[in-house]
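The block underneath contains the structure these notes are about, expressed in structure tokens.
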Amino acid sequence: MDFKAMISDTISAAVSAAFGVEFPAADALPALELPPTADMGDFAFPCFKLAKLLRKAPPAIAETLCAAVTGFAGEVKAASGYLNFYIDREMFARETLAGVVAAGADYGAEDIGNGRVVCLDYSSVNIAKSFHIGHLSTTAIGNALNRMYKFVGYKTISINHLGDWGTQFGKTIAAYKLWGDDDKIKANPVNELMALYVKFHDEAEKDPSLDDLARAWFKRIESGDEEALRIYHWFKDVTLGDVRRVYDTLGIHFDSWNGEAFFADKWGRVVDELREKGLLQVDQGASLVDLSDYKMPPCLILKTDGASLYATRDIATALWRKDEYNFDQTLYVVAYEQDLYFKQFFKVIELMGYEWAKNLHHVSFGMVSLEEGALSTRGGRMVYLEDLLNRSIEKVRAIIEEKSPNLADKDAVAQKIGVAAVLWIPLYNNRIKDIVFSFDRALNFDGETAPYVMYTHARCCSVLAKIASWSGEDYAALSDPQAQDVIRLLYAFPSIVKDAVEKLEPSMITRFTVDLAQAYNRFYFENRILGEAKPVEAARLTLTRATRDVLKTALGLLGMDAPEKM
RNA sequence: GCGCCUGUAGCUCAGUCGGACAGAGCAACGGCCUUCUAAGCCGUGGGCCAGGGGUUCGAAUCCCUUCAGGCGCGCCA
């Protein structure tokens, strides 16, 4: 049942009855609001906007309307300029829960996408570098958005745009040829490669000729030299091995791994096209697109030596993806330090005449730092994702040992919870907030945390496991404030999913899981479920089942797999 | 210097495209397990919503301004 439509019709009728004002359609009325607390009803109609039209004070309008309402299945009250609608408790419970149960895992999955394609560019790790917490936000947010978009009916292409090209590989290979040790690299590939890279930098400060050597090696990669490519692919493979292990732990998969190397030879077309369209200017030897009309610095396209720049290749990538996938939207999940850069290259694509430029979105998010300062490998301020995951999983494992020593599959459960606790870090707050990472905060599992929500889910599962089937619910048994709070949240879930997708904000889902868990835990504390009179028990079991299903769905959208026991 | 972002309780943050007394969690203190998972629940204290102007019936929310912090600003990505 569509409560909103029902109430809008009711209001529309009351307005014309009381004031003789006709609204052509119910949707011409001010929108219904969801009141902040349950005692203010399930829906509220604000009368403030009518005040101007009717030239009466809002509270008076509310009073008059309240008296004019007829045939509403529930209660209506006027309160400080609002008309509050209290839907019949039993009906609200019955209708909402029936909706959740009928839809099952699809509850909240309104088909907004209609099969349209969305490319999501996120995570984008660098070859020969470690996967660290600086990559956590793009990885977790991108993954959540990918799942959210799929959930609402889009076809998604998740893309790991690998950082696998550039002169830094020349440096790494040069360093390897000078000081490398195959056994060390085989034992601990990425750390060893990073150490070589750092050593190269240090030595190059003393001996600039090393940089020439690095450039020469990169040139050999570019020109297909056999030895250079062999080493390059070796380094790439060992790094990807490391990285894939982390992705496997996180439960994250990509449809495409086409990165910088893949697009390294595909940017010529961009330069030609920019030139043909008269957009390219030469300034101090470099080629660029002037953006002063749009109050932005120019977008550099070619270096003085004719080499491409990041924007050149990103534009080429966007054009290639448009041809390949014919996307409706592309989302770039990248930190806000690149805000200006994305505006520039989106604008260049627009100036090239591609109207779809407006469908490229930069999903920006805050920076991660440590309490000691900005992340810096060389400064010793670094937290590697694999270490964080291991510590998180170990801590969960220890808690399980203490609280649930008889649990089966302890390791599998610990992994699910430990991983979720890590994913939670960038998904908990609004994307734009900076994160000052601390192990204490990350590994605190009390309160508004992934383990808390998962615990609530397991609690629901535990109750449900004790009884196979039931029927004959007495929904009037769910009239207490605690049950009603749960039901209100269940009712709100589909609109929260919609909002979260629209705002590209997974944290709205995260917050919802906390709200629902809190509401259910209060309900659980106040009410006995099993062993009550059968119709009461059935109603509370249905509420429990709906809560479990929606928690599972919502956590799933965040990329978290909730165990049934913990 | 210019531009973008952020500023809400001791700490981390919510606050629904202006609306009903500003809400959680953490930390502190005090309660609640012989019954469905205490990784839980309840209670107490804690706020000139950075400061100042303005718009509005109504502002944490919009505009102006000041301050504080972060990020960015042509050959890195």
Side-chain angles (χ1 to χ4, degrees), chain A residues 31 33-37 40 44 46 48-49 51-52 57-58 79-82 84 124 126 163 165-168 260 283-290 295-305 307 309-311 313-314 334-341 343-344 364 366-367 369 374 396 399-400 402-404 407 417 428-430 432-436 438 440-441 444-456 458-467 492 495-496 499 502-503 507-508 511 514-515 517-518 521-522 524-532 537 540-541 544 565-566:
Chain A
E33 294 176 7
L34 297 180
T37 59
M40 296 181 218
F48 307 96
K49 300 225 162 63
K52 255 198 181 128
S80 50
Y82 283 93
N84 290 334
S124 302
N126 292 316
W165 205 247
T167 46
Q168 71 267 28
E260 289 166 11
D283 190 274
Q284 298 168 32
S287 300
L288 52 78
V289 177
D290 178 66
K295 292 179 180 156
M296 282 190 272
C299 183
L300 273 278
I301 299 295
L302 292 176
K303 296 189 206 176
T304 311
D305 66 3
L309 280 148
Y310 196 45
R313 299 185 299 265
D314 262 345
V334 180
Y336 66 58
E337 50 185 349
Q338 294 193 37
D339 277 1
L340 173 61
Y341 168 72
K343 278 189 193 135
Q344 289 177 302
S364 69
M367 314 278 290
S369 60
V396 174
I399 294 172
I400 289 174
E402 180 199 334
K403 305 203 186 238
S404 313
L407 185 69
I417 300 169
Y428 174 55
N429 291 332
N430 285 345
I432 200 63
K433 301 280 182 181
D434 285 333
I435 296 172
V436 179
S438 88
D440 282 350
R441 269 197 293 274
N444 168 35
F445 299 154
D446 297 323
E448 298 173 340
T449 64
Y452 169 78
V453 175
M454 293 177 129
Y455 177 80
T456 310
R459 189 177 238 185
C460 291
C461 291
S462 172
V463 174
L464 295 167
K466 289 183 167 55
I467 187 155
S495 66
I496 285 168
D499 273 8
E502 223 165 77
K503 296 187 172 122
S507 68
M508 293 180 72
R511 297 288 170 163
V514 171
D515 290 343
Q518 283 178 337
N521 282 325
R522 287 181 191 127
Y524 180 88
F525 185 83
E526 290 294 329
N527 296 285
R528 181 75 207 170
I529 300 167
L530 300 175
E532 296 294 291
E537 182 187 86
R540 289 179 181 161
L541 280 165
T544 300
K565 290 181 182 169
M566 62 186 274

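Both backbone and side-chain heavy atoms feed into the values below; hydrogens, waters and symmetry mates do not. Please read these numbers as outputs of a predicted model, since none were measured by experiment. Chain A is the first sequence line, chain B the second, and so forth, proteins listed ahead of strands; every chain is numbered from 1.
If you check B:U37, B:C75, B:G19 against the side chain of A:K303, the one that comes closest is B:C75. With B:G74, B:A77, B:A39 as the choices, the nucleotide that has an atom nearest any side-chain atom of A:Y455 turns out to be B:A39.
The shortest distance between side-chain heavy atoms of A:Y455 and A:T449 does not fall below 4.5 Å.
Evaluation of atom-type donor-acceptor distances gives no pair under 3.5 Å for the side chain of A:N126 against the base of B:A77.
A gap of 15 Å separates the C1' atoms of B:C33 and B:A39, to the nearest Å. The gap from the C1' atom of B:G54 to that of B:A22 amounts to 23 Å, rounded to the nearest Å. Annotation: B:C32 and B:A38 have their C1' atoms spaced 9 Å apart (nearest Å). The same atom, C1', is picked in B:U61 and in B:G23; the two are 15 Å apart, to the nearest Å.
Pair assignment for B:G47: none, as no Watson-Crick or G-U wobble contacts are both less than 3.5 Å.
Checking A:N444 against A:K403, the closest nucleotide of RNA chain B that is more toward the 5' end is the one next to A:N444. The residue among A:P46 and A:Y336 whose nearest nucleotide of RNA chain B lies closer to the 5′ end is A:P46.
Glycosidic conformation, B:G53: anti, with the torsion outside 90° of 0.
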Report, one pair per line, the protein and nucleotides 21-23 of chain B atoms (nitrogen or oxygen only) whose separation is under 3.5 Å.
none

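Here A:F48 counts as stacked on B:G19: its ring centre is under 5.5 angstrom from the base ring centre and the planes meet at under 30°. The aromatic ring of A:Y82 sits over the base of B:A20, with ring centres less than 5.5 Å apart and planes tilted by under 30°.
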